Every structure is written in structure tokens, then in C-alpha cells.
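Model, not experiment: these values are computed from the prediction. Both ligands and their constituent atoms are indexed starting at 1 by order of listing.
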Amino acid sequence: MNFDQTKWVWMNGQVVPWAGATIHVSAHTLHYGSGVFEGMRCYETDAGPAVFRMHEHLERLYSSAEMYGIRIPYSKTELEDAVCETVRRNEFSSCYLRPICYHGSASLALHPRNCPVELVILAWPWGAYLGEDNVERGVRVTVASWTKFHSRTLPTTAKGCGGYLNSMLAAREAAAGGYDEALLLDESGNIAEGSGENLFIVRDGVLLTNDESSSILLGITRDSVIEIARDIGYEVEIGKLKLEDLLSADEAFFTGTAVEVTPIRELDGELIGGAKRGTVTNRIREAFLRAALGRDKRYAGWLHMVEPQTAEIGM
Ligand code: PPE
């Protein structure tokens, strides 16, 4: 992760130097996690940088904000322009983007009624989230002893800052045990998701994944993979997933903006699908990257070009 390559930050309507993008230690969000955020990727296409599914990510930002009673003080178009400006000002051809909207400083009562709503957009270059080698080899995963929070605890479909303490505990536990990533189960013991990813299983050529009834964040990569897989001709079934489904799977992979499509090699020391290479996973990963890089016309609508376009994207 390279923050040192970022020069500019979009903060409350203005582009400010990285070092000047600060908030006060009395900010409500610092104490209580009262903010919502998004993670998006901007890819380098032949027609210039393009933000993958910005529309859906911003829709989710508004909906996360609504669930926490935060009123975002900008229109969708203003935010789209702000995201593009952040990429342009930093002169990135590709990057990760992190819009975050939070309660600032005014009071530390739990109800943030007097606290201003602030919005910041960060951008930085971010390569393979779980390591370059792991994209090829697959990641080693452990089942977390922490349970994924239930939707009666916090809205699981919202990307709320405070909710990530749950993911952080699981990720720390996995790292302490020498694993690459944690898998969290829901309150019923079914699989929920990784600390920052959704899960797919491949069994007999069919893709299986769960939904919000298993306390997951409804990932935009998950949605893209479901569509891409069906377009290739794979059947995709959505339902509860148990650990035994994962252990008996032919292949398994994580999806998420940061990890894109990353194969899972083993779960707590058990190899998934033996030692054989995940052919379905590879096909899905390649098709996903072709879409994100603007090399498949069918998915051109998923790309938001950073620079205004004069001609259609060439394929
Ligand atoms: N579940 C969780 C809990 C999650 O955080 C993410 C994204 C996903 C599923 C996949 O969602 P989507 O990106 O829309 O496909 N995690 C973001 C943050 C990861 C981080 O460590 O930070 C991400 O991938 O950008």
C-alpha cells in the first residue's frame, strides 16, 4: 500500500494536500465508528482510467448512510465528479478509492445530532490485497473464533466504520495463526464471509454463494461475478453455505474490490479440491479482469471513465 504516492485528498468539497487532510481528535467517528465508507477500484483501460461500477458503489454509500441516519450533503453527480477529480489530480492511471462519510467534531454524546457530516475521498495505488503470489497459489484461510455480527446487531448490508472491528479481530487472529485470511461464520454456524470478501464455492461445475440472510455485505464484485459466470454458461446457486460445503468443494474463491477474484487454497490445513488448479476460478478471474479493464464490450456499462469520452471505448 503506497500512501506516499498520494498528493491530493478530496475533503468536504475541496482538494487539499495529503498532509492537510486532517480531522480533530474529538470527531464523533473516532470515538464511536460513526461513519460509512466504500472501496472502489479505478482500472487502467485503453481509453484511460475507469472506475469500476462507481454507480453501484455510490448507491451503496448512500444506502449505508441512510441506515445510520447520516445525510450525505452531496448529490450523486457531485460525488462522481469528486471521485474523478481525485484520480485526475493525483495523476493515477489506476488506484484504489476510499470515499468515507462520517460525523465530525461538535459533541461526544452518543447521538451525533450536533456533529457535522463530513465527506472525504482518498485514493492510493493498491496492488494484490492478499499478496501477488497468493493470487496464483491461492490463500490459506482459517475459521475465525469471532462470529460475524448478526443483522440484529448492526445492519450487515451497510458498510459502517464501526462494524469493521469485527473483521479486524478476525483478521488479526488469522495473521497470528500464520494464515492469509479469516472466514467468519454467522450466528447459526453457516459461512458468512471473509474479513473483507465474499465467498464462492465450485462444486460439479456449479457456483454456489450465499446472500444477506447469512449476514454478509452484498458485494459488488460478488454481483459482477454472478453475472459474468452466468454469461459464460455456469449455473450459479444462491443459498446457505456450510463449512462442509467448502471442505468438499472442487474449488473456492474470495471476491471483493480489494482482492478481486482470489482462489482459496486451504482451510485450516485442509486442501480445497486437492492440489489441482482451479480452472473455473481462473476462468472467472480472467473474465472479471477483462470486464474491469474494458476489454469486454458486454460490460462497458460497468465502467465510469475518469476523463470525459469523445468516442466509444475500443475493444
Ligand atoms: N464483505 C466485506 C465484509 C467487505 O468488507 C467487502 C469489501 C466485501 C464483502 C466485498 O464487497 P465488494 O468490494 O463490493 O465486492 N471490502 C473492501 C475493504 C477491504 C479492506 O480490507 O479494507 C474492499 O474490498 O474494498
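Looking only at distances, no side-chain donor or acceptor of S188 sits under 3.5 Å from a matching main-chain atom of N190. Formation of a donor-acceptor pair under 3.5 Å by the R98 side chain with backbone atoms of E38 is found in this model.
Of all protein heavy atoms, the one closest to atom 24 (O) of ligand 1 is A258 N, 2.9 Å. When hydrogens are left out, the protein atom nearest atom 11 (O) of ligand 1 is G219 CA, 3.4 Å; that is the closest non-hydrogen contact. Looking at atom 1 (N) of ligand 1, its nearest protein heavy atom turns out to be E193 OE1, 2.7 Å. Among protein heavy atoms, the minimum distance from atom 13 (O) of ligand 1 is reached at T257 OG1, 2.6 Å. Protein heavy atom in closest approach to atom 20 (C) of ligand 1: Y129 OH, 3.6 Å. With hydrogens left out, the protein atom closest to atom 6 (C) of ligand 1 is G196 O, 3.2 Å, a heavy atom.
Close contacts between ligand 1 and Y164 involve ligand atoms 2 (C), 3 (C), 4 (C), 5 (O) [criterion: under 4.0 Å to a heavy atom]. Applying the 4.0 Å criterion to heavy atoms of N198 picks out, from ligand 1, the atoms 9 (C), 10 (C). Every atom of ligand 1 is numbered from 1 in the order shown, and the set under 4.0 Å from a heavy atom of I220 is 12 (P), 14 (O), 15 (O). Distances below 4.0 Å separate heavy atoms of S195 from the following atoms of ligand 1: 3 (C). The distance from ligand 1 to the heavy atoms of Y96 drops below 4.0 Å at these ligand atoms: 17 (C), 18 (C), 23 (C), 25 (O).
Ligand 1 lies within reach of R60, whose nearest heavy atom is under 4.0 Å from it.
With a 4.0 Å cut-off on non-hydrogen atoms, R98 touches ligand 1 through its side chain and not its backbone.
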Stepwise side chain to side chain contact (heavy atoms under 4.5 Å, CB included) check, L241 with L246: CA-CA 8 Å; L241 294 176; L246 177 54; over 6 Å; no
Worked check of side-chain hydrogen bond (donor to acceptor under 3.5 Å, both in side chains) between S34 and H28: CA-CA 7 Å; S34 55; H28 197 273; 2.7 Å; yes
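Residue nearest to atom 17 (C) of ligand 1, selected from E197, R53, K159: K159 (by heavy-atom distance).
At a threshold of 4.5 Å between non-hydrogen side-chain atoms, the residues M11 and I23 count as touching. For the pair I284/L207, a side-chain contact is recorded, criterion being any heavy-atom separation below 4.5 Å from C-beta on. In this structure the side chain of L97 never reaches within 4.5 angstrom of the side chain of M54, judged on heavy atoms. Under the 4.5 Å side-chain criterion, counting only non-hydrogen atoms from C-beta, Y68 is in contact with L154.
W302 and Y299 have parallel rings, their planes meeting at less than 30° on a 0 to 90° scale where 60° marks the start of perpendicular.
Considering backbone and side-chain N/O of T221, one or more are found under 3.5 Å from N/O of ligand 1. For ligand 1, none of its N or O atoms has an N or O atom of G194 under 3.5 Å away. Considering backbone and side-chain atoms together, F37 places no N or O closer than 3.5 Å to any N or O of ligand 1.
D223 and R53 are joined by a salt bridge, as a carboxylate oxygen and a charged side-chain nitrogen come within less than 4.0 angstrom of each other.
Nearest heavy atoms, L185 versus T147: O-CG2, 3.5 Å.
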